[in-house]
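Remember, predicted model here, so these are calculated numbers, not experimental data.
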Amino acid sequence: LKAIITSSSWNIAKNELTQFAETAVKMGVAFDITAEESGQAMAEMRTAFKMSQSEVTTLADKINYLGNNTPAAAKGIMDIVQRIGPLGEVGGFASGSIAALGATIRGMGVAEEVAATGIKNMMLALVAGESATKGQHNAYIELAKKVAEGMQKDAEGTTLSVLKAISKMDKYKQAAMLKELFGSESLGSIAPLLTNMQALEENLGKVSDKQKYAASMEKEYAARAATTANKLKLAKHAASALGITIGNQLLPGINSAAGLFSTAMNSVQAWAQANPALAGTLTKIAVGAI
């Protein structure tokens, strides 16, 4: 906790330090990463999306909920969000929507860095407006008008409209359109979306319903903590049972040995009482030898 709180590179306000550290620990447990890694991720996302601690905690809840309800792991989704973060406001995308996009693409087996590159290129292309290339302009005419303006008003809806329009095109045209709009390096990450639009819409719905993702990270942390405490309790009981078992096995031998020792000591004591002079001499000899 001390290392997390005192990290000078994160610029966390003093009144948020305790909450930041606690969330970093819980996020680390929920995401299967170290508290330091989760603290670094939160700090980067706070800066990229200009978030308060409460807002970045909400984003972490969304990522955790997506990680629990999609094939993608929370850690992988978080990595994609971190990579895209600085461009989030450019495209008009909410951080949760970026997480949903990332979870959908990562869930189809696309590597984090490839998914992030594809989403970045798609966002930049869709907001290009007047700066779009001639080829992109021609592609836009075929899809819809005022895409760039639509991205600022409803980034998620506009993106879905564009992707749906492409998905309805003939298969041999789809790759060419994606390449023209988003670049060849985006094909590996954006193309799979065309065959899985339902999953994308479902994931966007998951991060728009607060009742679903609220306190997701806190609940998972509590569940894991309870599981750990229960395991420790079971281990303690097992150790006690082992001690009792060993004790039951050894007690007969210990009792027998103790009885023999007691009988021998009684005999020695009786002999010493019957032969005080000799016993005294033997004692002096023993002490001298020692």
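- Within the 4.5 Å cutoff, side-chain heavy atoms of Leu101 are placed close to those of Met122.
- Here the side chains of Thr57 and Gln19 are in contact, with some heavy-atom distance below 4.5 Å.
- A salt bridge links Arg83 with Asp79: the closest approach of a Lys/Arg side-chain nitrogen to an acidic carboxylate oxygen falls below 4.0 angstrom.
- At a threshold of 4.0 Å, the pair Glu202-Lys206 does not count as salt-bridged, since none of the basic side-chain nitrogens sits closer than that to a carboxylate oxygen.
- Taking both residues in full, the closest heavy atoms of Ser167 and Gln174 are given as O-NE2, 3.1 Å, listed atom of the first, atom of the second, then distance.
- When all heavy atoms of Glu156 and Ala94 are compared, the pair lying nearest together is OE2-N, 3.5 Å.
- The closest donor-acceptor contact from the side chain of Asp154 to the backbone of Gly157 lies under 3.5 Å.
- A donor-acceptor distance shorter than 3.5 angstrom exists from the side chain of Asp209 to the backbone of Gln211, with no hydrogens or angles considered.
- Judged purely by distance below 3.5 Å, without hydrogens or angles, the side chains of Glu185 and Thr117 never pair a donor atom with an acceptor atom.
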Applying side-chain contact (heavy atoms from CB on, under 4.5 Å) to Met27 and Met78, what does each step give before you reach the verdict?
CA-CA 11 Å; Met27 181 177 171; Met78 181 186 70; 3.2 Å; yes

Go through the steps to decide whether Gln40 and Glu36 satisfy the test side-chain contact (heavy atoms from CB on, under 4.5 Å), and finish with yes or no.
CA-CA 6 Å; Gln40 184 66 41; Glu36 188 174 358; 5.8 Å; no

Derivation and outcome, side-chain contact (heavy atoms from CB on, under 4.5 Å), residues Thr104 and Leu193
CA-CA 8 Å; Thr104 307; Leu193 288 176; 3.6 Å; yes

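- Between Glu112 and the choices Lys75, Arg106, Gln82, the side-chain hydrogen bond (donor to acceptor under 3.5 Å, both in side chains) rule is met once, by Arg106.
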Yes or no on side-chain contact (heavy atoms from CB on, under 4.5 Å) for Met123 and Thr159, after CA distance, side-chain angles and deciding distance?
CA-CA 9 Å; Met123 289 168 58; Thr159 301; over 6 Å; no

Stepwise salt bridge (charged side-chain N to carboxylate O under 4.0 Å, His left out) test for Lys164 and Glu201:
CA-CA 11 Å; Lys164 283 181 179 179; Glu201 292 185 84; 3.3 Å; yes

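- Considering only residues two or more places apart in sequence or on other chains, Lys179 meets the side chain to side chain contact (heavy atoms under 4.5 Å, CB included) condition with Ser184, Leu187.
- Follow the hydrophobic side-chain contacts under 4.5 Å out from Ile80 and you never reach Tyr213; the two are in separate clusters.
- Here the CD1 atom belonging to Ile166 is positioned 5.5 Å from the CG atom belonging to Leu181, to the nearest 0.5 angstrom.
- The line from CD1 of Ile98 to CE of Met45 is 11.0 Å long, rounded to the nearest 0.5 Å.
- We find the CZ-CD distance between Phe49 and Glu55 to be 11.5 Å, quoted to the nearest 0.5 Å.
- At least one donor-acceptor pair under 3.5 Å links the side chain of Glu37 to the backbone N or O of Thr34.
- At a cut-off of 3.5 Å, with distance as the only test, no side-chain donor of Asp61 or Ser216 sits close to an acceptor on the other residue.
- Leu194 CG to Leu163 CG: the interatomic distance, rounded to the nearest 0.5 Å, is 6.0 Å.
- Residues Lys26 and Glu220 fail the side-chain proximity criterion, which asks for heavy atoms closer than 4.5 Å.
- Contact detail for Leu66 and Asn203: the closest heavy-atom pair is CD2-O, 3.9 Å.
- Residues Ser38 and Ala24 approach most closely at OG-O, 2.5 Å, considering heavy atoms.
- Separating the NZ atom in Lys210 from the OG1 atom in Thr58 is a distance of 6.5 Å, to the nearest 0.5 Å.
- Going from atom OG of Ser189 over to atom NZ of Lys120 covers 11.5 Å, rounded to the nearest 0.5 Å.
- Nearest heavy-atom pair across Ile119 and Ile190 is N-CD1, 4.2 Å.
- A single hydrophobic cluster is not seen to contain both Ile105 and Tyr65; linkage of ILVMFWY side chains at heavy-atom distances under 4.5 Å, directly or through other members, places them apart.
- Residue Gly205 comes nearest to Ser208 through the heavy atom pair O-OG, 2.9 Å, listed as atom of the first residue, atom of the second, then distance.
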